[in-house]
Every structure is written in C-alpha cells, then in structure tokens.
Visitor: 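Mind looking over this structure? Questions follow.
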Number of protein chains: 2
Amino acid sequence: MELTPRKKEILKVVIESYISTAEPVGSKAIAAQLTSKVSTATIRNELADLVEMGYLEQPHTSAGRVPSPKGYRLYVNELMEQRALSLQETEQINRALRMKMQELDGVISKAGQMAAALVNYPAYAMAGVKSELAIQRFDLLGVDATSFIAVVMTEDSRVSSRLLHTELPVRADALADLAVLLNEQFTHLHVSQMSRRLMDLAGQTAPGLFIVLNVAVNYAIEVLQGSEKNRAVTAGANNLLKLPEFRDADKAHELMSFMVENPEDLPVPAEGAHMQILIGPENVNEALKDTSVVVASYDIGDNMRGLIGVVGPTRMDYATVAARLSYFAEGLTKMFGKQEKEGLLPVPKEDHDRHE
Amino acid sequence: MELTPRKKEILKVVIESYISTAEPVGSKAIAAQLTSKVSTATIRNELADLVEMGYLEQPHTSAGRVPSPKGYRLYVNELMEQRALSLQETEQINRALRMKMQELDGVISKAGQMAAALVNYPAYAMAGVKSELAIQRFDLLGVDATSFIAVVMTEDSRVSSRLLHTELPVRADALADLAVLLNEQFTHLHVSQMSRRLMDLAGQTAPGLFIVLNVAVNYAIEVLQGSEKNRAVTAGANNLLKLPEFRDADKAHELMSFMVENPEDLPVPAEGAHMQILIGPENVNEALKDTSVVVASYDIGDNMRGLIGVVGPTRMDYATVAARLSYFAEGLTKMFGKQEKEGLLPVPKEDHDRHE
DNA sequence: TTTAGCACTCCATCCCCCGGAGTGCTAAAC
DNA sequence: GTTTAGCACTCCGGGGGATGGAGTGCTAAA
C-alpha cells in the first residue's frame, strides 16, 4: 500500500496531537485539524490503512489511534518541521551558556541540569575522551617543609591541583629538581607506563625524594583516572513524574533509578553524528525500550567531545527538544571553541619543557 | 492522665509495627507482640487513652491506630532503643568511607550519595563555612607568553587552579613579581575588599600587568564565591518512589523537586548538635511538614563543618537511620581529622609569606 | 481493673450498569 | 473508484450499590 500525501498529513496530525495530549486520537479530532475537508469516514478508512502499514496502533477496537515507534520514526525523518526557536528560547539558552565554568566536571553536571531545565525532561551529560589522556606538565609548589602543592595539566589543557604531604622534610631546590624530573619522565605517558616508570625509579632515587615523587605521580594517576570515569551524570529526573506515562510510581522508579545509577550506560551518538534520535525499541538498552532519547554532541578542544541527552516518553516533543538541544550543543561547542581561540584550552605542546 | 509503662510499651509496639508496615495497627496485632498477656479489650482501652493524650491517631473510627508526630517524638526521645550496627553494616560504611576524594565538592556529593545508599531514603549533603573564607596563598605558573596557571589556596587549605590567559605577553619575572604582589595585597581579604583593592591598583600598575592581576583576582573571587554557594546537593531522590506514602506521583514530584532544586533550604542542625531529628511539623519548611529529617554534622578542618541529612516519611526507621548516619558522620570526621594530622588539610598560616 | 461478648462503623473490593467516544461496515452518492 | 452518511457495535471509565472483614466502643460480668 502506498503512503499518499493525505496519509502522511493524517499521520502527522495524529502524532502531533498525541504528543501534546497523550490521549488516543479519533477521526473527528483529525477532521477538525486537516487542511482539506474530508469526512470522518474517509479518515477512518485512512486510519485503518495506517494501522495496517504499522504506523499507528490501536489500544483497543473502539479507541482512537496512537503512533507506533515506526510512525514516530517516519515523523522524525520526514514529517517533522524544523522548529524555529523563539527569541525567548534562544535568549534563555544563551543565558544558560553564560554560566561560569569552574572545571570540566562542573560543566558536565551543569550542562545536564540546563538541558533538563530547557526541555522539562530528564537529561544526562557526559564527556568522552577520544583517546587516552596523559599529563602534559607538572609543577610542585612548596608550602612548608613537609607539604607542597602539586599542579598537573592534562593534555586536554585542564589543570588540577592538590595539597600533598610528605613524611620527611624536603628542601625547595630538591622540589624544583623533582619537578624537572617529573616533566622529563612522566609526561605524555599512559597510566600503566607511569606506574612502571615509578617502580623503575624506586631504587635510583633518594628515599626522601622518592616519597614526594610517589605521592605526586599517584595524584597524577588519580587525576587521569578520575577524568575518565564518573564523567556521566543525570539531572532533572524529577521531570519524569509530571508525565502521564510515569504516573505509576514503579515505572517511574525503574527508569529513574536506571538513569541515576547508570548514567554511563545511556546512549552515545554514533561517531561523527551531531544529533541522534532513538525511538522506543531502537534503544539497545532494555530499560529504555519504551522511551525515546535525543542526544547531541559538542566539541571540547581537540581530544574530547561532550554529550548531552534527553530521555522522555516516545511521544516526546521531538521537534522542540531537538531544536533546543542542538542549539544548546552548538552553543557549548562555540563556548569551548572561543576559549580555545583565546588560549584558554589547548596550548601548543612546544611551549614548555618536556622530553620522553 | 498518666503515661504508664504499659502505655509506653504499647506505643512502642504500635510505632515499630507502623514503621515497618505503613498500615494502621490494631489491638489484636499489639496483643501478639506484647510481653505481658493482656486481652485485646484492655489494649483497646489503653489505645483510646493514647489517642486522647495525642500520641496516636485514628484514620477513622474502625481503623487501627497510627502514630502522631507527638508519638514519634516520644518514641525518639525515650522509647527508641539504640540500634547497634551489625558487622556488615559497619563494614559497608567503612568501605564507603575509603572513597577517594578529589576535591571538596566531590566529597559533598559523594557523601550525599553514600548516605542515600546507606539508608535507602533520599539524602542531602552540604558544607558550611563557619566564617567567610579568604585566600591564603597565590601562585602563578607561566605556560607560554600569554597563558599562565593560577593556583590559589583558600584559608581552609583547599587548592584550586585554572589555566588563564592575557592579551599581552608577560615575562616570567613579571609574573613572579605579580605573584608576590598578590600574596602581599590580596590574601586574607573578603571578596568585597579584594575588588576594592583591585580598583585601587588599576592606576598604579602597568596596563599589561594589570590585566594579569585582574584575571587572577577575578579567578580567586570566583573560587571564593563558588565555595560558598552551590555547596548543597541531594542524592537518591529516587528512593522516595519505593515508599507507599509517595506512590502518588504528584506528592513525590513535589518533595523531590523541592529537594533537588533547593537543597540549600533543607534543615541544618543547631550549632553544636551532632545529630538532630525533625519530625513532621517540627520542620519549619512547609514542603517538609509531613516528612521527617535526620541530619548529622561532621567536622572538616577548623573552619568548616559538613552535614549529611536524610529525608523520609514520618514513619521512617529512626533507629537505623540515626545509627547509620551517625556512624557515617563520625567516620567522615575521622577521615578529615586524619588528613589534618597528616598535614593534608590545614597548614599553619606562618609557613609562607603574607602581609596585611 | 480486666475481660468476654456483641453490635456497630467504615473502608476496600468487587460487580454491574451505563453513557459516550470511537470504530467498522454497508450502501448510497459523487 | 473514492467519498460520505448512517448505524450497529465495542470498549473504557466512572458512578453506584452490595458485601465482608478488620477493628472499634461499649456494656456487663469476673
């Protein structure tokens, strides 16, 4: 059977009506919204066809029609009109983007919160490292005889620091020597290589100094590891409870717990895709089988990409969510790009000592 | 009327039964659990008295009894037995305490998550600064001609750092001079004083250097401000949905949204109190009027105290929650104390240059 | 003061009924 | 061949009783 333009129009009306009301849509309601004047009987014939073709479903014989995942997919691919954002919407997002960013972890969770606030659905955010990170630069700042601040910069130009402590007093010049050693021997290495090199140096270094080396390198390892996991968060899960499909506490609890406890298992867009929409059973993950996900990615410097996603019922307002999320993601990319241009993020590697 | 020992015993049985089942408790069920053998009729008489005295309530004439807030209060104050933690429980908490702490913000949100996991109720955590913080020490590390890393240590000995950027190239020795200036002029000041001093210096400093000063001081201000707000988080809100009193999505949504959006408005224990229990209407906040809160505090260094709380229905399992939370809070105090002793947190102020 | 006995109350549940929204089908009209 | 009016049919949802069980309050006796 063929999908005539009228069938498409009817499908579109059904979907958009169902998106806004969550109630099955009947022939009468469709007739009222259709451009051409046709009788409800005609529409009923078309509806029967659409059900047969798999684009719509019928909860029971005497109810209206509800879109199927296949119907939503067609809608998203062909029928959905690009939603232009209103001035208020762009302004709201721009305002959100002007947030201060303390560090990357902060950005991730803030981005998640903002995305949730933007669309009134639960949202998630994560940062993906494209390849394994390494340390780019070390500094050691003496505080007192047995304390110093370790500052490390990772290859994505993020800076971390912590106050560390040694058992034995260390002189300032020794600390400076150690910093040189660290920059010579421990930059641009993977975690495993760093551990190995540390072991190698254990015998060759004065014990008092080796302790310092040890805590500093372990701190660096911690930074590297910390920057790879725990980088996914869920925000705005409470938005679920406003949706009629989640009035059932068990259902809401199930999805909410999954999202909060396993944010790292939420969908990631295919490499290269800026935005991806996954509808119902298109989700691999069992817990998301009857929800839809809209997920967008943005660039953070050369080596990383960030990701924000929205989880909602299959009848989610794809047009609005997609428009807002994509604008938001673009804004984030620009924000990071700007910093990059300003020198806030990547730094030419040639600019300071290192060896290997 | 007097509160005889038998009345107290009955009250205790009612409360403990209601805590575990959330169902009104009848005279027959009470008789089965009472130590002395009395008839249900006698118990009914006693129950009528307890209702009259305000310790119990009756949903309707022919239902069992339900504890009132006054009843819970008496229970918590007098009747509740100290709950000894099992080996598994202490082990679980100890394991949780062995978490790595990256920075304070991380600790707060982790503590909240752990508390929630420990008690299966929503939990919140915050850190309170006892007095206004200031910067204790600055360092500037040149990266390339127009980039440098600013490292600041606040008076509570936390270290923050960020890569910053200037318009004009700055020489390394100039950067060192600026660091001295910052340590002389901008340490141990409140935010407002820092801004004022920055303004004062605007005319007296070479423009190229002032830009550096400006971004560095503004970064410090951001750190100070960031460390005071956004320091409260809610975790495990999804636990609400498992409770029969929150099967109603609207009710759950209301409380959950409040907790997630305004964690800073959640109860803080009185100064000096290590643990506090607030039952139903004892909560000042309207949103918590028919929930109970158990909140414990722990010490972070000299100048700060942390705080973890649990929100649940008034029939929450006070004994278990209080025992676990207090053990957890003690563990956190010890953890910070240990670091302190090890020199990881506070540092004698005399140990490096400063004036003012 | 305690207890047995008993009538009473009230909720929860089931069931049935019924109206309304919506359908599918048929037959006529275009 | 397509569209439309008409009509019988289906099914959900909500409003009313019935019903039974858990629990009470009260009375009168122990």
Side-chain angles (χ1 to χ4, degrees), chain A residues 1-11 13-15 17-18 20-68 71 244-245 247-248, chain B residues 1-11 13-15 17-18 20-68 71 244-245 247-248:
Chain A
M1 201 175 314
E2 210 184 338
L3 203 55
T4 64
R6 193 171 66 191
K7 280 195 173 57
K8 285 188 183 176
E9 194 191 351
I10 290 177
L11 183 58
V13 169
V14 171
I15 290 179
S17 164
Y18 188 71
S20 66
T21 65
E23 302 274 314
V25 189
S27 51
K28 201 173 149 192
I30 298 169
Q33 290 188 60
L34 232 43
T35 50
S36 61
K37 291 255 182 299
V38 281
S39 76
T40 59
T42 311
I43 292 171
R44 279 201 291 281
N45 287 329
E46 298 283 49
L47 288 175
D49 291 350
L50 285 167
V51 169
E52 199 184 329
M53 288 188 271
Y55 294 110
L56 293 179
E57 285 164 2
Q58 220 170 354
H60 53 267
T61 6
S62 78
R65 302 310 203 286
V66 162
S68 71
E245 28 276 282
R247 296 210 60 84
D248 175 32
Chain B
M1 201 176 310
E2 212 184 339
L3 202 57
T4 63
R6 192 172 64 189
K7 281 194 174 56
K8 285 190 183 176
E9 194 191 353
I10 291 176
L11 183 58
V13 169
V14 170
I15 290 179
S17 163
Y18 189 72
S20 67
T21 65
E23 302 274 316
V25 189
S27 51
K28 200 171 149 194
I30 298 170
Q33 289 188 60
L34 233 41
T35 49
S36 61
K37 292 253 184 297
V38 279
S39 75
T40 60
T42 310
I43 292 172
R44 278 201 293 280
N45 287 330
E46 298 282 49
L47 287 176
D49 292 350
L50 285 167
V51 169
E52 200 184 330
M53 288 188 271
Y55 294 110
L56 294 177
E57 284 165 2
Q58 220 171 354
H60 52 266
T61 6
S62 78
R65 303 307 202 287
V66 163
S68 71
E245 28 276 282
R247 296 210 59 83
D248 175 33

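In what follows, chains carry the letters A, B, and so on, assigned in the order in which the sequence lines appear, proteins first and then strands, with residues in each chain numbered from 1.
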Visitor: Going by heavy atoms closer than 4.0 Å, what residues in residues 39-49 of chain A are next to DNA chain D?
Guide: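 Going residue by residue through residues 39-49 of chain A, the ones with a heavy atom under 4.0 Å of DNA chain D turn out to be A:S39, A:A41, A:T42, A:R44, A:N45.
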Visitor: Could you pull out all residues at least two apart from A:Q33 that satisfy side-chain hydrogen bond (donor to acceptor under 3.5 Å, both in side chains)?
Guide: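 A:Q33 satisfies side-chain hydrogen bond (donor to acceptor under 3.5 Å, both in side chains) with no other residue.
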Visitor: Output all residues satisfying side chain to side chain contact (heavy atoms under 4.5 Å, CB included) with B:D248, sequence neighbours left out; order by chain, then residue number.
Guide: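 Residues passing side chain to side chain contact (heavy atoms under 4.5 Å, CB included) with B:D248: A:R247, B:D250, B:K251.
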Visitor: State which residues pass side-chain hydrogen bond (donor to acceptor under 3.5 Å, both in side chains) with B:S36; sequence neighbours excluded, sorted by chain then number.
Guide: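 So B:S36 forms no side-chain hydrogen bond (donor to acceptor under 3.5 Å, both in side chains) with any residue.
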Visitor: Provide the start and end nucleotides, 5' to 3', of the part of DNA chain C that has atoms under 4.0 Å from heavy atoms of chain B.
Guide: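 Answer, 5' to 3': C:dT2 to C:dC11.
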Visitor: Taking the side chain as C-beta and beyond, is there a heavy-atom pair between A:L50 and A:L3 under 4.5 Å?
Guide: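 The answer is yes, as the side chains (C-beta and beyond) meet within the 4.5 Å cut-off.
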Visitor: 5'-most contact on DNA chain C: A:S62 or B:P59, nearest heavy atom basis?
Guide: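 Per heavy-atom nearest nucleotide, the more 5' residue is B:P59.
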Visitor: Determine which pairs satisfy side-chain hydrogen bond (donor to acceptor under 3.5 Å, both in side chains) with at least one residue from residues 54-68 of chain A, sequence neighbours left out, and list them in order.
Guide: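 Listed once each, the pairs would be none.
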Visitor: Assuming nearest nucleotide by heavy-atom distance, tell me which of A:S27 and B:K37 is located more 5' along DNA chain C.
Guide: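 Its nearest nucleotide being more 5', the pick is B:K37.
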Visitor: Determine which pairs satisfy salt bridge (Lys or Arg N to Asp or Glu O under 4.0 Å) with at least one residue from residues 35-54 of chain A, sequence neighbours left out, and list them in order.
Guide: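 Sorted pair list: A:R6-A:E46, A:K7-A:E46, A:K7-A:D49.
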Visitor: Please identify each residue that fulfils salt bridge (Lys or Arg N to Asp or Glu O under 4.0 Å) with A:E245, with sequence neighbours left out.
Guide: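 In terms of salt bridge (Lys or Arg N to Asp or Glu O under 4.0 Å), with neighbours along the sequence ignored, A:E245 is linked to A:R315.
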Visitor: Taking side-chain hydrogen bond (donor to acceptor under 3.5 Å, both in side chains) as the test, write out the residues that go with B:K28, two or more places apart.
Guide: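 Not a single residue meets the side-chain hydrogen bond (donor to acceptor under 3.5 Å, both in side chains) criterion with B:K28.
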Visitor: Partners of A:A29 by side chain to side chain contact (heavy atoms under 4.5 Å, CB included), sequence neighbours excluded?
Guide: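 Partners of A:A29 under the side chain to side chain contact (heavy atoms under 4.5 Å, CB included) test: A:V25.
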Visitor: According to side-chain hydrogen bond (donor to acceptor under 3.5 Å, both in side chains), who are the partners of B:S39, at least two apart in sequence or on a separate chain?
Guide: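 B:S39: side-chain hydrogen bond (donor to acceptor under 3.5 Å, both in side chains) contacts with B:T42.
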Visitor: Report the secondary structure of DNA chain D in dot-bracket form, marking unpaired bases with a dot and bases paired to a different strand with |, and treating Watson-Crick or G-U pairs with both distances under 3.5 Å as paired.
Guide: ||||||||||||||||||||||||||||||
